[in-house]
Asker: 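Here it is, the structure, as C-alpha cells.
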Amino acid sequence: MADTKQIKIKLVRSLIGCSPAQRKVAQALGLSKTDQVVEHYNSATIMGMVNKISHLVKVVEN
C-alpha cells in the first residue's frame, strides 16, 4: 500500500429503510450500529464503499 493513512468511518444514520445492497456495504465496512466507528486504510476500494453509503456515514481523517 502506497498510502497507509487510516481513516475513521462513523455510521451516523440508521440502516432502517436502506436497500439490501447498502446494508451489505455497511456490513462489509464493519458497521452495524448507529454511532459506531471503525478504522480502515485509505484506499480506493474503501472510499468507493463509503461513496455508496455517503448519506449514512461520516468520514474523519486522522
Side-chain angles (χ1 to χ4, degrees):
M1 281 184 217
D3 188 23
T4 58
K5 189 173 182 183
Q6 293 237 346
I7 58 171
K8 290 183 181 179
I9 304 167
K10 181 177 182 178
L11 187 63
V12 294
R13 295 200 51 203
S14 174
L15 296 174
I16 295 172
C18 292
S19 69
Q22 290 172 341
R23 288 176 192 260
K24 287 180 184 179
V25 171
Q27 184 181 16
L29 284 171
L31 297 167
S32 58
K33 298 179 182 178
T34 307
D35 291 331
Q36 184 178 6
V37 178
V38 293
E39 286 192 18
H40 287 285
Y41 287 109
N42 190 3
S43 67
T45 305
I46 296 298
M47 293 312 291
M49 294 169 77
V50 169
N51 284 337
K52 287 283 187 182
I53 58 169
S54 61
H55 59 290
L56 302 174
V57 297
K58 180 179 176 185
V59 178
V60 180
E61 295 190 16
N62 292 343

Asker: Is there a path from Leu56 to Val37 through hydrophobic residues (I, L, V, M, F, W, Y) whose side chains come within less than 4.5 Å of each other?
Answerer: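 Each belongs to a different hydrophobic cluster.
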Asker: Rounded to the nearest 0.5 Å, what separates atom NE2 in His55 from atom CD1 in Ile53?
Answerer: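 So the gap between those two atoms works out to 8.0 Å.
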Asker: To check you understand the geometry: which heavy-atom pair defines the closest contact between Met47 and Asn42, and what is its length?
Answerer: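 Heavy atoms of Met47 and Asn42 come nearest at CG-OD1, 3.3 Å.
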Asker: Which heavy atom of Cys18 sits nearest a heavy atom of Ser14, and at what distance?
Answerer: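 Minimum heavy-atom contact is SG-O, 3.9 Å.
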Asker: Do Lys8 and Val38 come within less than 4.5 Å of each other through their side chains, counting heavy atoms only?
Answerer: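 No, every pair of side-chain atoms sits at 4.5 Å or beyond.
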Asker: A side-chain contact here means heavy atoms from C-beta on lying under 4.5 Å apart; do Val50 and Lys52 qualify?
Answerer: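 Val50 vs Lys52: side chains apart.
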Asker: Does Gln22 reach the side chain of Leu15, with side-chain heavy atoms less than 4.5 Å apart?
Answerer: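 The answer is no; the side chains never approach within 4.5 Å.
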Asker: Check for me, please, whether Ile7 and Val12 land in the same ILVMFWY cluster - side-chain distances under 4.5 Å, paths through other members count.
Answerer: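 Hydrophobic grouping puts Ile7 apart from Val12.
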Asker: Output the distance between atom CD1 (Ile9) and atom NZ (Lys58), rounded to the nearest 0.5 Å.
Answerer: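 One gets 13.5 Å once the value is rounded to the nearest 0.5 Å.
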Asker: Roughly how far, to the nearest 0.5 Å, is the CE atom of Met49 from the CG atom of Leu29?
Answerer: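 The CG atom of Leu29 sits 4.0 Å away from the CE atom of Met49.
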Asker: Hey, is CD on Gln36 packed in by over 12 heavy atoms from elsewhere, all under 6.0 Å?
Answerer: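 Yes.
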Asker: For Lys24, enumerate each residue passing the side chain to side chain contact (heavy atoms under 4.5 Å, CB included) test, keeping only those at least two apart in sequence or located in another chain.
Answerer: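 Expected list: none.
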